[in-house]
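Have a look at the structure below, then the notes.
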Amino acid sequence: MTNFRYLTAGESHGKCLTAIIEGIPSGFEINPDFINNELKRRQGGYGRGGRMKIESDTVEITSGIRFGKTLGSPITLVIQNKDFENWEKIMSVNPKDITDEKSFTTYRPGHADYAGSIKYDQKDLRNILERSSARKTAIEVAVGAVAKQILQEFDIKGHSKIIRIGNGRTEEEFKEEIDNAKEAGDTVGGKFEVIYENLPVGLGSFVHWDRMIDGKIAQAVMSIPAVKTVSIGNHHAYKIHGSEFHDEMFLKDGKIHRNTNNAGGIEGGMTNGENIVVTGVMKPIPTLRKPLRTVDAKTMTETEAHFERSDTCAVEACAVVAEARIACVLLDEFLNKYGGDNLKEIKSRF
Ligand code: EPS
């Protein structure tokens with residue numbers, strides 16, 4: 001096992017988001033423009049709300065890179081929250097600044113508020129909202145953008161697309177679904193697909209359940225806020241026979257060739273050299289302008305859920321986050337197999 005791992009920190013309206021990445025070998029080129037472009041992609045998409053008008057997420061690299069190349073030491077990434085200037089007192093670390101401005105006690109059904117407040121013994125649900133917010137996916141995308149740049153050195157590349165927004169199947173219908181939801185003070189979810197190409201055969205392993213790469217990818221995508229379904233390959237597997245589902249093998253110019261990829265690039269918990277195909281379903285965001293019925297934790301009376309602002313739809317952003325999360329799993333497995341301390345060592349093993 002390699003030591004590739006990362007930790008992130010930061011509240012939605014706190015000063016900044018931070019990540020420390022460990023286990024990146026030396027000698028790899030990392031371009032901050034590439035990271036910033038990924039951050040921009042995450043901020044975009046039709047149906048995003050007011051916060052994205054305030055932020056223009058930009059990464060600052062404060063360790064681990066010198067003259068454009070990795071040193072092998074921990075890489076630290078920082079994204080400032082521009083909105084913090086409006087929240088400085090509210091999010092203060094100083095007990096002298098204590099205030100109940102922006103406190104709320106009405107649970108948002110579908111969000112972390114209820115279980116989180118019991119788990120962490122918090123009366124003010126602000127203390128749950130701040131870290132459970134999907135805002136933290138910004139720094140995860142920055143980490144993924146580092147992983148992507150290392151994978152690209154070996155020609156491994158990923159992309160994503162939206163398959164459904166509500167019942168919409170085309171871009172025009174996606175917009176219509178989002179406009180309708182917005183007009184109704186509602187939100188709408190969707191389905192996205194992430195594809196990674198040019199993977200070597202044999203990342204992951206069948207020898208233990210927790211080394212299967214499909215399991216790792218599933219966890220990485222399922223734990224993105226609001227994702228409720230993850231599948232790999234043909235998700236109609238339940239309704240076709242084995243003879244139709246499994247990807248037959250042929251020879252073409254002496255090489256193994258397949259005409260189908262229902263397995264989504266993974267057999268026996270290992271990459272099989274075909275494209276990795278992952279589908280995810282994002283539920284509608286639970287913060288609604290036309291609020292849901294709920295209970296006030298303070299008064300224990302029935303009321304309406306908290307609303308500040310929200311996105312109508314963030315499925316496009318979610319797909320970008322999924323690309324990033326999968327890049328981290330692939331890089332971890334890549335380094336498990338071909339890893340070393342520096343670029344030259346890894347290239348010779350690859
Ligand atoms: C998000 C930032 C958040 C939300 C959204 C995602 O910012 P704010 O709370 O200031 O509006 O816009 O998160 C949610 C809707 C949620 O329920 O978690 C972001 O940067 O992606």
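Evaluation of the side-chain hydrogen bond (donor to acceptor under 3.5 Å, both in side chains) test over residues 176-185, restricted to residues two or more places apart or in two chains, returns Tyr46-Asp179. Note on residues 190-205: pairs passing salt bridge (Lys or Arg N to Asp or Glu O under 4.0 Å), not counting sequence neighbours, are Lys161-Glu193. Every pair passing salt bridge (Lys or Arg N to Asp or Glu O under 4.0 Å) that includes a residue from residues 289-299 is listed here, sequence neighbours excluded: Arg293-Glu302. Listed by first and then second residue, the side-chain hydrogen bond (donor to acceptor under 3.5 Å, both in side chains) pairs involving residues 13-22 are Arg5-Glu22, His13-Arg51, His13-Glu130 (not counting sequence neighbours).
Looking at Ser310, its side chain never comes within 3.5 Å of a backbone N or O of Leu288 through a donor-acceptor pair. The closest donor-acceptor contact from the side chain of Thr70 to the backbone of Pro25 lies under 3.5 Å. Here the side chain of Asp311 pairs no donor or acceptor atom with the backbone of Gly47 at under 3.5 angstrom.
Every residue meeting the side chain to side chain donor-acceptor pair (under 3.5 Å) condition with Arg258, not counting sequence neighbours, appears here in chain and number order: Glu267. With sequence neighbours excluded, the residues satisfying side chain to side chain donor-acceptor pair (under 3.5 Å) with Ser92 are Asp97. Partners of Ile232 according to the side chain to side chain contact (heavy atoms under 4.5 Å, CB included) rule, which considers only residues two or more places apart in sequence or in another chain, are Asp214, Ile217, Ile266, Val278. When the ring-ring contact (aromatic ring centres under 6.0 Å, His included) test is applied to Tyr107, the partners found at least two apart in sequence or on another chain are Tyr114. By the side chain to side chain donor-acceptor pair (under 3.5 Å) test, Asp83 is found to be paired with Asn86, Trp87, Arg309, residues two or more places apart in sequence or in another chain being considered.
By the 6.0 Å contact criterion, CD1 on Ile90 is enclosed, its count of non-hydrogen atoms from other residues, nucleotides or ligands being greater than 12. Annotation for Ile54: atom CD1 counts as buried by contact number, over 12 foreign heavy atoms lying within 6.0 Å.
Salt bridge status for Arg126 with Glu308: present, with a side-chain N to carboxylate O gap under 4.0 Å. Using a 4.0 Å cut-off between a side-chain N of Lys or Arg and a carboxylate O of Asp or Glu, Arg135 and Glu55 qualify as a salt bridge.
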Scan the side chains in residues 146-154 for donor-acceptor partners under 3.5 Å anywhere in the protein, sequence neighbours excluded, and list what turns up.
from: Lys148; atom 1: NZ; to: Glu38; atom 2: OE1; distance (Å): 2.7
from: Lys148; atom 1: NZ; to: Glu323; atom 2: OE1; distance (Å): 2.5
from: Gln149; atom 1: OE1; to: Asn31; atom 2: N; distance (Å): 2.7
from: Gln149; atom 1: NE2; to: Asn31; atom 2: O; distance (Å): 3.4
from: Gln149; atom 1: NE2; to: Ala145; atom 2: O; distance (Å): 3.3
from: Glu153; atom 1: OE2; to: Lys347; atom 2: NZ; distance (Å): 2.8

For residues 165-173, which side-chain donor-acceptor pairs fall under 3.5 Å, sequence neighbours excluded?
from: Thr170; atom 1: OG1; to: Glu173; atom 2: N; distance (Å): 3.3
from: Glu173; atom 1: OE1; to: Arg169; atom 2: N; distance (Å): 2.8

Please set out all donor-acceptor pairs under 3.5 angstrom arising from side-chain atoms of residues 137-144, sequence neighbours excluded.
from: Thr137; atom 1: OG1; to: Arg42; atom 2: NH1; distance (Å): 2.8
from: Thr137; atom 1: OG1; to: Ala134; atom 2: O; distance (Å): 2.6
from: Glu140; atom 1: OE1; to: Arg325; atom 2: NE; distance (Å): 3.1
from: Glu140; atom 1: OE1; to: Arg325; atom 2: NH2; distance (Å): 3.0
from: Glu140; atom 1: OE2; to: Arg325; atom 2: NH2; distance (Å): 3.4

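Taking all atoms of both residues into account, the shortest heavy-atom contact from Met282 to Pro225 is CE-O, 4.2 Å.
For Phe334 and Phe350, the ring centers sit closer than 6.0 Å to each other.
Ile61 and Leu331 fall within a single hydrophobic cluster, where Ile, Leu, Val, Met, Phe, Trp and Tyr are joined by side-chain heavy atoms under 4.5 Å apart, directly or via other members.
No option in Arg131, Lys123, Arg108, Lys119 other than Arg108 meets the salt bridge (charged side-chain N to carboxylate O under 4.0 Å, His left out) test with Asp113.
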